[in-house]
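So you know, we letter chains A, B, ... as the sequences are listed, proteins then strands, and number each from 1.
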Number of protein chains: 2
Amino acid sequence: MINQLDNTEDKVLHAARIVFQKKGYSGARMEEIANTAGVNKALLNYYYRSKEKLFRQVFEEAFSEFIPTVINILNGDLPLDMKIYRTVDVYTRMLLKNKDLPMFVLNEIRENPNKIEELLMTKKHLTFQKLEQQLYEEYEKGTIVETTVHTFLINLLSLIVYPYIVQPMMSRMFDIDDKKFEELMLERKNALPAMIIETFRPKN
Amino acid sequence: MINQLDNTEDKVLHAARIVFQKKGYSGARMEEIANTAGVNKALLNYYYRSKEKLFRQVFEEAFSEFIPTVINILNGDLPLDMKIYRTVDVYTRMLLKNKDLPMFVLNEIRENPNKIEELLMTKKHLTFQKLEQQLYEEYEKGTIVETTVHTFLINLLSLIVYPYIVQPMMSRMFDIDDKKFEELMLERKNALPAMIIETFRPKN
DNA sequence: GTCTATATAACGATAGAC
DNA sequence: GTCTATCGTTATATAGAC
């Protein structure tokens, strides 16, 4: 139940975020969203016309939170190590508030890529020229190995995001509750920038 | 259509693996599985009684492929660097044959943790004593920083597994087809062991 | 705007002929 | 073992009263 919000439209949207992000599009039920929002089932259709339309609103919002953050930082003017630091900081903060977000976004793309095609297309052929140049400059200075933007993005994001992806499994296997998990992630946040840059350390 | 297999029961199971792993339990349709197998819808129930039972067979198989592999290696007797090398090798090989496996397993756990609770419980309170001891010995030798089994597992697995998790998104955003992706992963495989151990490199 | 009642469609599962 | 036809349930969506 969500009672802090005043108007029904917002209550529904907020409940939809929770339910869709936990269950995915096909696993979510309109009735569960209605119950979570504490409103009548029929009102979801009154405000959003269909499950599909309600979902799109939730998904597009989530997608643009998951992706553009990092793009803006990495395409900016900071030195490389500061970009890493900033990405770790911004992402960790966002993910701790929204642990299911990566799984939600990535799973919907896997499950129904065509439905989301247009959204992905707006990001297609993304270039990271500034970043690419920085990686090359650091390589010439001898501070990192020769690498690609792809490899850099994957190492950076995997070390930041993966814990939130496996959290539902890990927390059960190792008895880590939500509070404990947050503590671990805050500790990890401090260690992460060094770990990330080390993955590009030159041999000897 | 799958015609290499002779008997219907196997055709269905094979098709179920494909469809469940792409769409998840709630997104999968019995009819799609039947069509993929090239058999009649009613035969799925004839052989497996229900969607739920067919799913469990597929999931448990996938889960035991995703998890125990790494446990056996990490609880074995190899030196630390060889454990990393072996894990990278075994996992990469398995994942290249089965790109959707991590997302499938992890998403079902998120979407319906109680349904899978028993399975997770069999792995509960997993201990990695041997590994823990090794990490401590390496720390005393000064070859790595002080760390925990959790952190070690997360760094190791994130750098190995994450690319397969984001592949459906990345491939569309950067025009990476399946062949190109496999090439990238085979290259990455060579670089990975060093990258992983470097995340634990002592400061200076 | 919000409710109850109901239409409509999708899907899993079964009966029964062959 | 395999098919067609159909039942029963569940979920989305709408109609219409208040």
A.B. asks: Just distance, no hydrogens or angles: give the donor-acceptor pairs under 3.5 Å from side chains in residues 184-196 of chain A, sequence neighbours left out.
C.D. replies:
| from | atom 1 | to | atom 2 | distance (Å) |
| --- | --- | --- | --- | --- |
| A:R188 | NE | A:L159 | O | 3.3 |
| A:R188 | NH1 | B:N155 | OD1 | 2.9 |
| A:R188 | NH2 | A:L159 | O | 3.1 |
| A:R188 | NH2 | B:N155 | OD1 | 2.9 |
| A:K189 | NZ | A:D89 | OD1 | 2.7 |

A.B. asks: For A:E32, which of A:K22, A:K23, A:K41 qualifies under side-chain hydrogen bond (donor to acceptor under 3.5 Å, both in side chains)?
C.D. replies: A:K23
A.B. asks: Give the rounded distance in Å between these two atoms: CG of A:L43 and C1' of C:dT2.
C.D. replies: 5 Å
A.B. asks: Heavy atoms under 4.0 Å is the rule here; annotate nucleotides 4-18 of chain D 5' to 3' with B where the base is hit, S where only the sugar-phosphate is, and - elsewhere.
C.D. replies: B------SBBB----
A.B. asks: Think B:Y48 has a side-chain N or O under 4.0 angstrom from the OP1 or OP2 of C:dA13?
C.D. replies: no
A.B. asks: How close do B:S50 and B:N45 get, counting heavy atoms only, and between which atoms?
C.D. replies: CA-OD1, 4.0 Å
A.B. asks: Should the pair B:F128 and A:F174 be assigned to parallel (<30°), tilted (30 to 60°) or perpendicular (>60°) ring geometry?
C.D. replies: tilted
A.B. asks: Expressed as a whole number of angstroms, how long is the span from B:L44:CG to D:dG1:P?
C.D. replies: 15 Å
A.B. asks: Answer yes or no: does atom OH of B:Y139 have more than 12 heavy-atom neighbours from other residues, nucleotides or ligands under 6.0 Å?
C.D. replies: no
